[in-house]
A.B. asks: 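Here it is: the structure, laid out below.
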Amino acid sequence: MFNAVYDVIVVGAGHAGSEAAAAAANMGSQTLLITMNLQNIAQMSCNPAMGGIAKGQIVREIDALGGYSGIVSDTSAIQFKMLNKSKGPAMWSPRVQSDRMRFAEDWRLLLEKTKNLDFYQEMVSSLIVEKGKVVGVKTSLGIEIKAKTVVLTNGTFLNGLIHIGEKNFGGGRAGERAATGITEQLVDLGFDSGRMKTGTPPRVDGRSLDFSKMIEQPGDSNPDKFSYLDTTTPLQNQRSCHMTHTSQEVHDLLREGFDRSPMFNGRIKSVGPRYCPSIEDKINRFADKDRHQLFVEPEGWNTVEVYVNGFSTSLPEDVQFKALRSVAGFENVKFFRPGYAIEYDYFPPTQLKHTLETKLINGLFFAGQINGTTGYEEAASQGLMAGINASLQVQEQEEFTLRRDEAYIGVLIDDLITKGTEEPYRMFTSRAEYRTLLRQDNADFRLTPKGHELGLASEKRLKRMEEKQSKSDNFVQFFKDTSVKPDEINPVLEEKNSAKVKQQDKMFKLFARPNITIDDMRKVESVNRYVLENNLGTEVLEQAEIQVKYAGYIEKEKNNADKLQRLENVKIPPNFDYSKLQSMSLEARGKLNEIQPVTVSQASRISGVSPADISVLLVYMGR
């Protein structure tokens, strides 16, 4: 084993590492997954949930490409919700509450069934680099293992430092030691590094809570699922979450500990996640708010452990405990463990190519929180892309990247390597300019053919997608081709307070009315007959409804994406020297020389590069 030269070594077995290892191995590369504790593969370090706003779209995209996150999210789910259903379909986002222990177990069992994948438990302390190329790793025991490519997915473990009040100690996660050595070596090799912070709330004993004082938050009455495969099924039973609120009294009790808070006394110097602030940060930044929501989330089907979402904190444990006991329903709360903050090393992602390979060291890839992101889903998608590209490099095949109009994964990676990040990056639908194209319902249409070409998405998965697409397209065409008489459609329109028609009209035009649903249209006999005769399932009906109602918006975004694609096709020569373009602003020249964009389109998205600067570049390139 130790004498072998692996195609891919993946360091770290969190969400990024697990997807990277699975992708590389499933593409035929001999892969080794090294982690400090094999019992903690795909551990949910923070909240027991997958998906959410924009994150749910990412999980669907991972699944469509042939990754495992969607499958595991389905098999370990205890509740399913489609968020934002009151808004347009571009905003719909699936989310599950997960059974934390089952999630990690299902991931491990899937990985153990994966061919070409070996496991080893130890800490990687350094990389073996020769002539600007990575050729292996060295462990803390001094063992050298050779590899053609290496994917680093170290999460929060690189020089991790845990803070609870005035106490701090090394660790990558509660109860686990930090990883040392790699940051120092990479800095010596010429990489820039930085520090970031994240945090987690207390875990409490559900038996000590009074749920009658909280608001129940049940799952959807007709739950969906993540994976497009038919091997997973929607939940038949679900566990409820609950909601309660902090109060002015709780805030006052928390403020008593501010002088001992590492956030306010200078011990924590790094930047935390803007969109998931700690409770002390919330009451400090939003002093006008007299209460904040807390979501009380079960950690699994049978465990009594509960996650207090919204109460992330690094305050002293006695302050946490005293304040939480003043929350409605928490009067007799017992802690399993207090909340804490963790600081860790990351590497600004502008040092990467679109493939997530580093610009400085050939064959070395970064994925996950090492790139400055936050969230399981963002990490998993990067791991998938890094694993794919490491495998392709070994096989001497063309690299695989996704554009901003093809996937949220494409938006995520382009944002990271083009704009960089100085705070933990989180994906939102608002970050995607083509979100009408990048819906959760059509990720399989967008990406399964690509996954199949890579060897990740099975033939069965491709056939299932093609059948769904064909049925959807044919159903939409049926509405375009078929007319309906006033006496057939007017009762439906009258029922929905929609203007009646006086003459025969195309169904497409009537279905496009905003308040007319597919259920309404099925009251027309010819439509219902078509649905039954063609055995159209819920997925197809939903897809057709979106295609009809949002046809104009979808077409407009496609046209905009096509225009952008023209600039995407204008390649910039490698190592281009922008300093010779004297007509370009000094800031633009500096940023472009640092990032070295691959295309003019990417150059246009760099902060500090103006349209005038792009014009100068296009003129120079003969455009």
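All values below were derived from every heavy atom in this structure, side-chain atoms included, with hydrogens, water molecules and symmetry-related copies excluded. Since the structure is predicted, the reported quantities are computational estimates derived from the model, not experimental observations.
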A.B. asks: Is the charged tip of K55 near the ring of Y408: under 6.0 Å from the six-membered ring centre and within 45° of its axis?
C.D. replies: no

A.B. asks: Do R260 and D318 pass the salt bridge (charged side-chain N to carboxylate O under 4.0 Å, His left out) test, and can you show the C-alpha distance, the side-chain angles, and the key distance before you say yes or no?
C.D. replies: CA-CA 11 Å; R260 295 157 61 202; D318 59 314; 3.1 Å; yes

A.B. asks: Distance-only, no hydrogens or angles: does the T448 side chain make a donor-acceptor pair with backbone N or O of M465 under 3.5 Å?
C.D. replies: no

A.B. asks: Do any N or O atoms from the side chain of T156 and from the backbone of G172 form a donor-acceptor pair under 3.5 angstrom?
C.D. replies: yes

A.B. asks: Which is it for R203 and T200 under the side chain to side chain donor-acceptor pair (under 3.5 Å) test, yes or no, and what are the steps along the way?
C.D. replies: CA-CA 9 Å; R203 312 301 199 269; T200 194; 2.9 Å; yes

A.B. asks: Any non-hydrogen side-chain atom of V96 less than 4.5 Å from a side-chain atom of F80?
C.D. replies: yes

A.B. asks: Would you find more than 12 non-hydrogen atoms of other residues, nucleotides or ligands less than 6.0 Å from R207 atom CZ?
C.D. replies: no

A.B. asks: Verify whether one side chain among E280 and S314 offers a donor that lies under 3.5 Å from an acceptor in the other.
C.D. replies: yes

A.B. asks: With distance as the sole criterion, is a donor-acceptor pair present between the side chains of Q543 and D441 under 3.5 Å?
C.D. replies: yes

A.B. asks: Could you please spell out the steps behind the side chain to side chain contact (heavy atoms under 4.5 Å, CB included) verdict for I62 and Y68?
C.D. replies: CA-CA 7 Å; I62 292 169; Y68 287 165; over 6 Å; no

A.B. asks: Would you say R95's side chain and I53's backbone share a donor-acceptor pair under 3.5 angstrom?
C.D. replies: no

A.B. asks: Any side-chain heavy-atom pair from V333 and F321 closer than 4.5 angstrom?
C.D. replies: yes

A.B. asks: Take E343 and K269 through the test salt bridge (charged side-chain N to carboxylate O under 4.0 Å, His left out) and record every step on the way to the result.
C.D. replies: CA-CA 9 Å; E343 289 186 287; K269 297 179 174 64; over 6 Å; no

A.B. asks: If you measure only the distance, is there a donor-acceptor pair under 3.5 Å linking the side chains of S93 and Q57?
C.D. replies: yes

A.B. asks: With a 4.5 Å heavy-atom cut-off, do D415 and R404 have their side chains touching?
C.D. replies: yes

A.B. asks: When you measure from the centre of the six-membered ring of Y228, is the NZ or CZ of R60 under 6.0 Å away and within 45° of the axis?
C.D. replies: yes

A.B. asks: Between T374 and C276, is the side chain to side chain contact (heavy atoms under 4.5 Å, CB included) condition met? List the steps.
C.D. replies: CA-CA 10 Å; T374 178; C276 188; over 6 Å; no

A.B. asks: What's the verdict on side chain to side chain contact (heavy atoms under 4.5 Å, CB included) for R108 and Q39, showing C-alpha distance, side-chain angles and the deciding distance?
C.D. replies: CA-CA 9 Å; R108 174 161 175 166; Q39 306 309 314; 3.8 Å; yes

A.B. asks: Do N159 and R195 touch side chain to side chain, with heavy atoms closer than 4.5 Å?
C.D. replies: yes

A.B. asks: Around atom CE of M101, are there more than 12 heavy atoms from other residues, nucleotides or ligands closer than 6.0 Å?
C.D. replies: no

A.B. asks: Quick one: do the S76 and D106 side chains pair a donor with an acceptor below 3.5 Å?
C.D. replies: no

A.B. asks: Report the C-alpha distance between V308 and F335 in whole Å, list the side-chain angles of each, state the deciding distance to 0.1 Å, and finish with yes or no for side chain to side chain contact (heavy atoms under 4.5 Å, CB included).
C.D. replies: CA-CA 11 Å; V308 190; F335 272 25; over 6 Å; no

A.B. asks: Heavy-atom distance under 4.5 Å between the side chains of M385 and L402, does that happen here?
C.D. replies: yes

A.B. asks: Could E317 and K167 be called an ion pair, given the rule that one side-chain N must be under 4.0 Å from one carboxylate O?
C.D. replies: yes

A.B. asks: Less than 6.0 angstrom from the centroid, inside 45 degrees of the normal: does R431 satisfy that with respect to the ring of Y425?
C.D. replies: yes

A.B. asks: So, the side chain of K282 versus the backbone of K289: is there a donor-acceptor pair under 3.5 Å, distance only?
C.D. replies: no

A.B. asks: Quick check: does any side chain N or O of T421 sit under 3.5 Å from a backbone N or O of P424, one acting as donor and the other as acceptor?
C.D. replies: no

A.B. asks: Are any side-chain N or O atoms of T303 and backbone N or O atoms of G300, one a donor and one an acceptor, separated by less than 3.5 Å?
C.D. replies: no

A.B. asks: What's the verdict on side chain to side chain donor-acceptor pair (under 3.5 Å) for R291 and Q293, showing C-alpha distance, side-chain angles and the deciding distance?
C.D. replies: CA-CA 7 Å; R291 67 177 198 165; Q293 289 179 334; over 6 Å; no

A.B. asks: Taking everything shown except K334 itself, do over 12 heavy atoms lie less than 6.0 Å from its NZ?
C.D. replies: no

A.B. asks: Is it the case that the side chain of D63 and the backbone of V59 share a donor-acceptor pair, with hydrogens and angles ignored and the cut-off at 3.5 Å?
C.D. replies: no

A.B. asks: Angle class for the F428/Y275 ring planes (parallel below 30°, perpendicular above 60°, tilted otherwise)?
C.D. replies: perpendicular

A.B. asks: Would you say R522 and L541 make side-chain contact, with heavy atoms under 4.5 Å?
C.D. replies: yes

A.B. asks: For the CG atom on D252, are there more than 12 heavy atoms of other groups (residues, nucleotides or ligands in this structure) within a distance under 6.0 Å?
C.D. replies: yes

A.B. asks: Would the number of heavy atoms belonging to other residues, nucleotides or ligands and lying under 6.0 Å from CG of D230 be above 12?
C.D. replies: yes

A.B. asks: Under the side-chain contact (heavy atoms from CB on, under 4.5 Å) test against D74, which residue among P234, S98, S227 passes?
C.D. replies: S227

A.B. asks: My understanding is that only residues two or more places apart in sequence, or in another chain, count here; which of them pass side-chain hydrogen bond (donor to acceptor under 3.5 Å, both in side chains) with T198?
C.D. replies: none

A.B. asks: Is there a donor-acceptor pair under 3.5 Å between the side chain of K81 and the backbone N or O of P94?
C.D. replies: no

A.B. asks: Quick one about S69 and E377 (side-chain donor to acceptor, distance below 3.5 Å, no hydrogens or angles considered), yes or no?
C.D. replies: no

A.B. asks: Does the side chain of T313 come under 3.5 Å of the side chain of Q320 through a donor N or O and an acceptor N or O?
C.D. replies: no

A.B. asks: Is it true that S140 and E122 share a donor-acceptor pair across their side chains at a distance under 3.5 Å?
C.D. replies: yes

A.B. asks: Classify the angle between the aromatic ring planes of F366 and F347 as parallel (below 30°), tilted (30 to 60°) or perpendicular (above 60°).
C.D. replies: tilted

A.B. asks: Whether the Q382 and N371 side chains hold a donor-acceptor pair (N or O, under 3.5 Å, no angle test) is what I'd like checked.
C.D. replies: yes

A.B. asks: Judged by modelled atom types alone, do E176 and N40 share a side-chain donor-acceptor pair under 3.5 Å?
C.D. replies: yes

A.B. asks: Is the terminal nitrogen or CZ of K85 (NZ for Lys, CZ for Arg) located under 6.0 angstrom from the six-membered ring centre of W92 and within 45° of that ring's axis?
C.D. replies: yes

A.B. asks: Without hydrogens or angle criteria, can the side chains of N309 and N47 be said to hold a donor-acceptor pair below 3.5 Å?
C.D. replies: no

A.B. asks: Using the ring centroid of each side chain, check whether H15 and F103 are separated by less than 6.0 Å.
C.D. replies: yes

A.B. asks: Could you check whether any side-chain N or O of N442 sits under 3.5 Å from a backbone N or O of L437, counting only pairs where one atom can act as donor and the other as acceptor?
C.D. replies: yes

A.B. asks: Mind listing the closest non-hydrogen atom pair of Y346 and E422 along with its distance?
C.D. replies: OH-CA, 3.9 Å

A.B. asks: Are T232 and T75 close enough that some pair of their side-chain heavy atoms sits under 4.5 Å apart?
C.D. replies: yes

A.B. asks: Is there a donor-acceptor pair under 3.5 Å between the side chain of K496 and the backbone N or O of N515?
C.D. replies: yes

A.B. asks: Measure the shortest side-chain to side-chain distance between V296 and F330 over non-hydrogen atoms and say whether it is less than 4.5 angstrom.
C.D. replies: yes

